[in-house]
Amino acid sequence: MNTLVVYDTRFGDTATIACAIANGLRVYGPVRVLAMDEATVPQLNGIDLLVLGCPVHNHAATPAMQAWVERLPPDILERVPVATFDTRYHIARWLAGSAAQALAQTVAERGGVFVTAPESFFVTAREGPLESGELDRAYRWADQVCRALDERTP
């Protein structure tokens, strides 16, 4: 399985989670991890799974990540399996918002196929650090994503 993980980060915590997810995904095949500003449309060609993540910003995705997804050619995500994640405070989702949910909605509008529900990973403060155990949870989530993808593949 050929996977691309694209992330936006402010203080480094989302990048750290993206790398933990990538490490979990490597069991299933090659993985590229790119900061959003390094990711280009040609890098999306031939992928079997796209994982997108960013921190919560004003109850949604960062403006840069939202704009990146919206700038993609209209058919590039057609039928591409996608999973989304975010980093945020460990409070009720309705209070914090969810970048992962916002990305999921935008990707779905562009034809992406969701493998599993959006996931949040938690920080203890605005600039981090991550809560204890979040890197292990991100690694395990990657396995869940791949198992869900396997269940959907005929």
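None of the values given here were measured: they were computed from a predicted structure.
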Please say yes or no: joined through hydrophobic side-chain contacts below 4.5 Å, possibly via intermediate residues, are [X] and [Y] part of one cluster?
X: V56; Y: F85; answer: no
X: V80; Y: L25; answer: no
X: I21; Y: V33; answer: yes
X: V31; Y: M1; answer: yes
X: Y7; Y: L103; answer: no

### Query
Could you go step by step and tell me if R32 and T3 meet the side chain to side chain contact (heavy atoms under 4.5 Å, CB included) rule?
CA-CA 6 Å; R32 289 173 293 154; T3 302; over 6 Å; no
To the nearest 0.5 Å, what is the distance between [atom1] on [X] and [atom2] on [Y]?
X: L130; Y: F122; atom1: CG; atom2: CZ; answer: 11.0 Å
X: T16; Y: F11; atom1: OG1; atom2: CZ; answer: 13.0 Å
X: N45; Y: T40; atom1: CG; atom2: OG1; answer: 8.5 Å
X: T9; Y: M65; atom1: OG1; atom2: CE; answer: 10.0 Å
X: L52; Y: M36; atom1: CG; atom2: CE; answer: 11.0 Å
X: I17; Y: C54; atom1: CD1; atom2: SG; answer: 13.0 Å

### Task
Let me see the working for T124 and Y89 under side chain to side chain contact (heavy atoms under 4.5 Å, CB included), right down to the final yes or no.
CA-CA 6 Å; T124 61; Y89 291 116; over 6 Å; no
I want to check something: taking the side chain as every heavy atom from C-beta on, are [X] and [Y] in contact at a cut-off of under 4.5 Å?
X: V115; Y: V82; result: no
X: Y139; Y: V27; result: yes
X: T116; Y: Q144; result: no
X: V51; Y: W141; result: yes
X: V41; Y: P73; result: yes
X: T62; Y: P55; result: yes
X: L50; Y: V6; result: yes

### Task
Please lay out, stage by stage, how W68 and D37 fare under the test side chain to side chain contact (heavy atoms under 4.5 Å, CB included).
CA-CA 8 Å; W68 184 86; D37 56 356; over 6 Å; no
### Query
With sequence neighbours excluded, what pairs up with H59 under the ring pair (Phe, Tyr, Trp, His ring centres under 6.0 Å) test?
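Checked H59 against ring pair (Phe, Tyr, Trp, His ring centres under 6.0 Å); zero matches.
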### Query
Which residues pass the ring pair (Phe, Tyr, Trp, His ring centres under 6.0 Å) test with Y28, sequence neighbours left out?
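Partners of Y28 under the ring pair (Phe, Tyr, Trp, His ring centres under 6.0 Å) test: none.
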Would you name the heavy atoms of [X] and [Y] that are closest together and state the gap between them?
X: A64; Y: D8; value: CB-OD2, 3.8 Å
X: A100; Y: P118; value: CB-CB, 3.5 Å
X: L49; Y: A83; value: CD1-N, 4.4 Å
X: A18; Y: V5; value: CB-CG1, 3.9 Å
X: Q43; Y: I47; value: O-CG2, 3.7 Å

### Message
Under the criterion side chain to side chain contact (heavy atoms under 4.5 Å, CB included), I'd like the reasoning laid out for E127 against R10: C-alpha separation, chi angles, the key distance, then a yes or no.
### Response
CA-CA 8 Å; E127 296 182 21; R10 295 199 170 208; over 6 Å; no
### Message
Strictly below 4.0 Å, N to O, side chains only: are R147 and D143 in salt-bridge contact?
### Response
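Result for this pair is yes, salt bridge flagged.
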### Query
Thinking salt bridges, do E119 and R137 make one under a 4.0 Å N-O criterion?
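The answer is yes: the pair qualifies as a salt bridge.
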### Query
Is it true that a side-chain atom of R110 and a backbone atom of V69 form a donor plus acceptor pair closer than 3.5 Å?
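Side chain of R110 to backbone of V69: a pair is present.
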### Message
Please check this pair: side chain of D48 against backbone of N2, looking for a donor-acceptor N/O pair closer than 3.5 Å.
### Response
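Yes.
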### Message
Hydrogens and angles aside, do Q66 and T106 bring a side-chain donor and acceptor to less than 3.5 Å of each other?
### Response
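There is such a pair (donor and acceptor under 3.5 Å, judged by atom type) between the side chains of Q66 and T106.
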### Task
Answer with yes or no whether the side chains of T87 and D13 bring together a donor and an acceptor at under 3.5 Å.
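Side chains of D13 and T87: no pair found under 3.5 Å.
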